[in-house]
Amino acid sequence: MHLPLPPPPLLLLLAALGAAVTTFRPDWNRLHGLARARVETCGGQLNRLKEVKAFVTQDIPLYHNLVMKHLPGADPELVLLGHRYEELERIPLSEMTREEINELVQELGFYRKAAPDEPVPPEYLRAPARPAEGPKAHADL
């Protein structure tokens with residue numbers, strides 16, 4: 001009788017890491033009234049998180065209604081806010097890539113400019129806010 005060999009430890013480790021990384025999926029019911037967001041983080045934390053640091057330093061200036069807030073000792077989080085600056089959701093960014101963060105921010109409806117000083121078109125001035133009376137764009141989620 002021939003028994004199969006167990007998988008090498010490195011393969012097991014890679015499989016466990018792949019299973020641990022999940023992409024955030026927004027709860028659209030909780031995000032009704034989303035109007036703006038901020039990324040909260042500590043400068044020291046950014047030094048070890050190259051992907052998040054690249055997003056903070058290079059991409060945030062391109063987004064309308066998205067700002068950076070430095071908080072000592074804070075792990076990087078995207079804080080989604082309503083019209084009255086009430087907190088709707090906190091999304092940890094430490095395990096996300098720069099590309100994943102950009103995809104999420106755009107999926108949430110934030111307008112991305114081509115350059116930081118580019119004016120925002122009038123139809124996007126209130127982005128990502130959506131009219132309350134309109135149909136929900138993500139009712140299927």
Side-chain angles (χ1 to χ4, degrees), residues 2-141:
H2 189 271
L3 296 174
L5 294 174
L10 180 59
L11 185 59
L12 289 174
L13 177 62
L14 291 175
L17 287 175
V21 177
T22 59
T23 302
F24 176 83
R25 298 299 311 154
D27 178 353
W28 294 103
N29 294 324
R30 290 186 60 190
L31 297 180
H32 184 70
L34 176 63
R36 57 189 54 85
R38 68 177 176 253
V39 173
E40 295 181 350
T41 190
C42 168
Q45 295 284 359
L46 284 181
N47 288 334
R48 67 177 179 81
L49 300 168
K50 303 272 187 233
E51 293 278 327
V52 177
K53 183 176 184 175
F55 173 78
V56 167
T57 59
Q58 298 171 30
D59 298 330
I60 285 180
L62 300 174
Y63 285 102
H64 178 61
N65 283 338
L66 180 61
V67 297
M68 172 68 189
K69 182 175 183 179
H70 289 279
L71 294 176
D75 284 332
E77 290 183 308
L78 177 64
V79 181
L80 303 177
L81 305 167
H83 295 284
R84 295 186 180 111
Y85 293 90
E86 71 276 13
E87 188 175 304
L88 302 174
E89 182 93 46
R90 283 183 173 265
I91 304 164
L93 300 178
S94 299
E95 300 299 322
M96 296 176 74
T97 66
R98 179 181 181 185
E99 182 179 334
E100 288 171 333
I101 298 169
N102 273 295
E103 287 173 3
L104 173 63
V105 170
Q106 290 176 30
E107 180 182 356
L108 290 169
F110 287 88
Y111 178 75
R112 184 180 170 115
K113 302 178 281 185
D117 58 344
E118 178 182 285
V120 177
E123 63 270 23
Y124 293 106
L125 285 175
R126 296 181 48 94
R130 293 172 179 85
E133 64 276 357
K136 291 186 179 180
H138 296 281
D140 60 327
L141 296 179

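The figures that follow rest on heavy atoms only: side chains count, while hydrogens, waters and symmetry mates do not. Note that the numbering runs from 1 along the sequence shown for the chain. Just so you know, these numbers come straight off a predicted model, no measurement behind them.
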Between Leu34 and Leu108, which heavy-atom pair has the shortest distance, and what is it? CD2-O, 3.8 Å
Pick from Lys69, Glu89, Arg38, Arg36: which one makes a side-chain contact (heavy atoms from CB on, under 4.5 Å) with Val79? Arg38
At what distance, to the nearest 0.5 angstrom, does CD of Glu40 lie from CE of Met68? 9.0 Å
Between the CZ atom in Phe110 and the CG atom in Asp59, the distance rounded to the nearest 0.5 Å is 14.0 Å
Could you check whether any side-chain heavy atom of Glu77 comes within less than 4.5 Å of a side-chain heavy atom of Leu93, counting everything from C-beta outward? no
Spatial distance of atom CG (Leu78) from atom OG1 (Thr41) [nearest 0.5 Å]: 11.5 Å
Check the pair Asn65 / Arg126 against side-chain hydrogen bond (donor to acceptor under 3.5 Å, both in side chains), numbers first and verdict last. CA-CA 8 Å; Asn65 283 338; Arg126 296 181 48 94; over 6 Å; no
Sidechain-backbone polar pair: Glu100 side chain, Thr97 backbone, donor-acceptor under 3.5 Å: yes
Can you say whether the rings of Phe55 and Tyr63 are parallel (under 30°), tilted (30 to 60°) or perpendicular (over 60°)? tilted
To the nearest 0.5 Å, how far apart are CD in Glu95 and CG in Asp75? 9.5 Å
For the atom pair CG (Leu104) and CD (Glu99), what is the distance rounded to the nearest 0.5 Å? 12.5 Å
Is it true that a side-chain atom of His64 and a backbone atom of Leu125 form a donor plus acceptor pair closer than 3.5 Å? yes
Please name the pair of heavy atoms, one in Asn102 and one in Arg112, separated by the smallest distance, quoted to 0.1 Å. OD1-NH1, 2.8 Å
Could you give me the CA-CA distance, side-chain angles and deciding distance for Arg98 and Gln58, then say whether side-chain contact (heavy atoms from CB on, under 4.5 Å) is met? CA-CA 10 Å; Arg98 179 181 181 185; Gln58 298 171 30; 3.0 Å; yes
Residue pair Ile60 / Val67, side-chain heavy-atom distance below 4.5 Å: no
Quick check: do Glu51 and Met96 have side-chain heavy atoms less than 4.5 Å from each other? no
pair Val56-Val39: side-chain heavy atoms closer than 4.5 Å: yes
Are Pro76 and Leu49 side-chain neighbours, meaning at least one heavy-atom pair lies under 4.5 Å? yes
